[in-house]
Amino acid sequence: MSDKICLVILAAGQGTRMKIGMPKPLVPLMNRPILDYVLDACLAFKRQKVNDASVSLVIGHQSEQMIAHIERYYSSSKFHITRQQQQLGTADAVKSFLTQFPDVMSNKYIFILSGDVPMVSVEHLEGIYREISTHNLKAVVATVTAANPTGYGRVLSHTTGLSIVEEKDASSEVKKIQKINTGLYVFETKYLKDCIDKISNNNKSREFYLTDVFQAGSPVGAVNFERGEDLLGINTLEQLEETSKRLNRRNLISLSQQGVRFWDFDSTFIEPSVVMASGTVVYPNVIIEGNSKIGQGCTIGAFSHLKDVEFADGVCIKSHSVLEGCKVAAQVEIGPFARLRPGANLGTKAKIGNFVEVKKSTIGPGAKISHLSYVGDAIIGDNTNIGCGFITCNYDGVQKHVTKIGKDCFIGSDSQTIAPVEIGDNCFVASGSTINTSMPDGSFGISRGRQTTHLNMAKKFLKTKQD
Ligand code: UD1
Ligand code: MG
């Protein structure tokens, strides 16, 4: 693309139909603000098609929150910010841009996007650009044919040109028209500037409508896109839910094309940020969020909820497990009903069983914590076996303390360690013990009642166990 262009996102509106008291562009759609999807589409278009394009945002309502968001998440992208003082309508928002953007006339075309159409893509932008540049038009609108056009501007075709009538101003006949305005346009800059000053607010909403640029007899056109639901704007929470499902389904289809097998698209929610490798199977009712990376050939059991996890290959999560911020090596088995909290780091072939909680702990390769335990702020050595009902007592009411347990230990059921405490390699803790002093390598610990005894006979016990 050789023409100089700018992309402008209108995001100053109040979003009153959402009724949730936050700026609509920042309302989360699958955990990311609606606006971010539009910004990403603009940045991708710039990267792929026209590197020196500028991206602008028109903001107004609750602008401090909008600026804070942009500075936090898009600090490296140089957006031009325009402020619309009063939200008088989409034409007024564009007017704010035209008067505030430096050297605006040096751009041949201006693309206008709505901050509430998150599934807009590079292909849509390319489609309207192709239409305006090859047919020598002055303005092109992206339209779709909607099964339910209620709430959207209806597009009327004329012998030459087209016009757009807003829902509030439409007659019952016009309301039957299913071809709708998506709020995505490209204009020749000079034409837009000439038209915008002539737009009045003589309509039911008393707003300045950008859609009034489109008039019968004018050199304007439209591109009607298939899969129209991708271009539907979000004005209500119901539309947010519908868009969330569409976005999710598109993502699941793309993952399944890469070899991830889903039992049920309808009950599985996977954020677009999640990376999954082939051969993995996902059971119904699973949610995976954040910066999660799932390796090859993993199994994610039903009703599991994962966030910011990193799995190597062949990890098996049994049903009803909740994992957040943890790193899991190959062939680890977790669950059912396990909870891994941030900082849990599991070595190869480790096993975490039912009703086990692990927080900020490293569990060595081959170690097993199979039933009903709490392990926090701990380091557990390779192949150590922890029995049922074990607790690292890590908190003294003021500070957290570390528990270290070495390799090849056997920790009997219903035991506790009072941190800080260190148990060496090859130790044996008898069931029901409370260990509050450190144990050297190869020692035996038993405390039932008031005394803790260490005997250097763990090897004998472990040997008996193996026999
Ligand atoms: C608009 C179109 C409608 C189209 C629909 C598609 C107009 C008049 N109507 O209606 O034909 O079918 O989008 O989704 O354009 N905004 C501002 N400043 C304002 C008003 C709005 O920046 O003063 C921004 C909003 O933040 C939003 C976008 O413009 O991102 C569209 O505004 P919205 O109120 O959602 O318009 P719709 O009623 O959806
Ligand atoms: Mg809208």
Side-chain angles (χ1 to χ4, degrees), residues 7-18 22-27 29 33-39 42 56-63 65-66 81-98 100 112-120 124 139 141-146 148-156 162-170 174-175 177-185 187 192 195-196 199-214 222 224-225 228-240 242-243:
L7 299 139
V8 184
I9 302 169
L10 306 186
Q14 298 191 16
T16 40
R17 286 162 284 182
M18 282 279 187
M22 67 189 288
K24 181 166 69 171
L26 299 186
V27 170
L29 165 68
I34 295 173
L35 177 68
D36 288 14
Y37 296 90
V38 186
L39 288 172
C42 289
S56 296
L57 262 168
V58 181
I59 61 169
H61 183 68
Q62 293 178 309
S63 56
Q65 284 186 53
M66 299 281 288
I81 306 279
T82 298
R83 282 171 197 268
Q84 184 192 15
Q85 297 306 339
Q86 271 183 291
Q87 282 65 67
L88 302 177
T90 43
D92 182 69
V94 170
K95 203 170 176 178
S96 309
F97 166 77
L98 291 171
Q100 291 175 44
I112 304 284
L113 298 90
S114 288
D116 62 359
V117 183
M119 289 175 78
V120 62
H124 296 129
V141 55
T143 63
V144 299
T145 307
N148 176 10
T150 310
Y152 298 101
R154 310 298 203 283
V155 178
L156 280 66
L162 57 93
S163 56
I164 300 173
V165 180
E166 291 305 302
E167 167 94 10
K168 278 189 188 160
D169 305 299
V174 168
K175 280 185 182 158
I177 295 172
Q178 287 184 298
K179 197 173 183 187
I180 62 148
N181 166 25
T182 65
L184 170 66
Y185 325 83
F187 299 97
L192 180 62
C195 292
I196 211 96
I199 291 174
S200 81
N201 64 351
N202 188 14
N203 53 54
K204 291 254 171 68
S205 308
R206 311 303 298 170
E207 281 188 17
F208 295 89
Y209 293 157
L210 180 60
T211 46
D212 283 354
V213 172
F214 294 85
N224 197 52
F225 285 94
E229 56 291 352
D230 284 2
L231 278 174
L232 294 182
I234 300 175
N235 294 318
T236 63
L237 288 179
E238 185 184 346
Q239 289 167 342
L240 179 74
E242 287 162 1
T243 310

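We count ligands from 1, going down the list as the structure has it; atoms in each ligand are counted the same way. We use all heavy atoms of the structure for the numbers below, so side chains are in, but hydrogens, waters and symmetry mates are not.
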Could you tell me whether atom 13 (O) of ligand 1 has a protein heavy atom closer than 4.0 Å?
no

Under 4.0 Å to a heavy atom of Arg17 - the qualifying atoms of ligand 1, by number
33 (P), 34 (O), 35 (O), 37 (P), 38 (O), 39 (O)

From the Mg ion (ligand 2) out to just under 2.8 Å, does an N/O/S atom of Ser114 turn up?
no

Within-cut-off N or O pair, Leu210 and ligand 1, under 3.5 Å:
no

When Leu184, Val155, Asp230, Leu231 are each screened for side chain to side chain contact (heavy atoms under 4.5 Å, CB included) with Val144, the one that passes is Leu231

Parallel, tilted or perpendicular, as decided by the 30° and 60° cut-offs, for the rings of Phe214 and Phe187
tilted

Could you pull out the closest heavy-atom pair between Phe97 and Ser56, with the gap in Å?
CE1-OG, 3.4 Å

Proximal atoms of ligand 1 relative to Thr182 (non-hydrogen, under 4.0 Å):
6 (C), 14 (O)

Write down the atom of Ala12, the atom of Gln84, and the distance for their closest heavy-atom approach.
CB-OE1, 3.2 Å

I'd like to check whether Gly13 has a polar contact with ligand 1, where a contact means an N/O of the residue lying under 3.5 Å from an N/O of the ligand.
yes

Considering the heavy atoms of Glu166, write down every atom of ligand 1 situated less than 4.0 Å from one of them.
2 (C), 3 (C), 7 (C), 8 (C), 9 (N), 11 (O)

Considering only heavy atoms, does Lys168 approach ligand 1 within less than 4.0 Å through its side chain, its backbone, both, or neither?
neither

Between Pro118 and Ile234, the two heavy atoms sitting closest are CG-CD1, 3.7 Å

Specify the protein heavy atom at minimum distance from atom 23 (O) of ligand 1: its residue, its atom name, and the distance to 0.1 Å.
Gly89 N, 2.9 Å

Proximity to ligand 1 by part of Gln84, non-hydrogen separation under 4.0 Å
side chain

Looking at atom 5 (C) of ligand 1, what's its closest protein heavy atom, distance included?
Asn181 O, 4.0 Å

Please state whether Lys24 comes within less than 4.0 angstrom of ligand 1, counting heavy atoms only.
yes

Suppose we only allow N, O or S atoms; which atom of Asp116 ends up nearest to the Mg ion (ligand 2)?
OD2

What is the nearest protein non-hydrogen atom to atom 21 (C) of ligand 1, stated with its residue, atom name and distance?
Thr90 CG2, 3.8 Å

Using the side chain to side chain contact (heavy atoms under 4.5 Å, CB included) rule, take Val141 and Leu162 through it: C-alpha gap first, then chi angles, then the decisive distance, then the call.
CA-CA 10 Å; Val141 55; Leu162 57 93; 4.1 Å; yes

Gln86 near ligand 1, heavy-atom distance under 4.0 Å?
no

Taking the side chain as everything from C-beta on, heavy atoms only, tell me whether Thr211 gets closer than 4.5 Å to Thr90.
no

Does only the side chain of Ala93 get under 4.0 Å from ligand 1, or the backbone, or both, or neither? Count heavy atoms.
side chain

Please determine if Ala12 has a nitrogen or oxygen closer than 3.5 Å to a nitrogen or oxygen of ligand 1.
yes

What are the atoms of ligand 1, with element, lying closer than 4.0 Å to any heavy atom of Gly153?
3 (C), 4 (C), 11 (O), 12 (O)

Indicate whether any N or O donor in one side chain lies under 3.5 Å from an N or O acceptor in the other, for Asn181 and Thr143.
no

Atom 30 (O) of ligand 1: closest protein heavy atom, distance to 0.1 Å, is Leu10 O, 2.7 Å

Between Arg154 and Glu166 (salt bridge meaning N to carboxylate O under 4.0 Å), is one present in this structure?
no

Shortest non-hydrogen contact from Leu26 toward Met22:
O-CE, 3.4 Å

Donor + acceptor pair across side chains of Ser63, Arg83 (<3.5 Å)
yes

Find out whether Val58 and Ile9 are in side-chain contact, i.e. whether some heavy atom of one side chain is under 4.5 Å from a heavy atom of the other.
no

Can you confirm whether some protein heavy atom lies under 4.0 Å from atom 1 (C) of ligand 1, or whether none does?
no

Grab the two heavy atoms, one from Ile180 and one from Pro149, that are nearest each other, plus how far apart they are.
CG2-CB, 3.6 Å

Side chain or backbone, does Tyr152 bring an N or O within less than 3.5 Å of an N or O on ligand 1?
no

Identify the protein heavy atom lying closest to atom 35 (O) of ligand 1, giving its residue, its atom name and the separation to 0.1 Å.
Asp116 OD2, 3.0 Å

When you measure from the heavy atoms of Asp92 to every atom of ligand 1, does any distance fall below 4.0 Å?
no

Check Asp116, Ile112, Leu113 against Leu10 for a side chain to side chain contact (heavy atoms under 4.5 Å, CB included) and give me the one that passes.
Ile112

Side chain or backbone of Asn235 under 4.0 Å from ligand 1, or both, or neither, by non-hydrogen atoms?
side chain

Within the 4.0 Å heavy-atom cut-off, what His61 brings close to ligand 1 is neither

Would you say ligand 1 has an N or O under 3.5 Å from any N or O of Gly115?
yes

Measure Thr211 to ligand 1 on non-hydrogen atoms and call it side chain, backbone, both or neither using the 4.0 Å cut-off.
side chain

Identify whether the distance between the nearest side-chain nitrogen and carboxylate oxygen of Lys204 and Asp169 falls below 4.0 Å.
no

Could you check atom 31 (C) of ligand 1 against the protein and tell me its nearest heavy-atom contact, residue, atom and distance included?
Ser114 OG, 3.8 Å

Tyr185 side chain near Val8 side chain, heavy-atom distance below 4.5 Å:
no

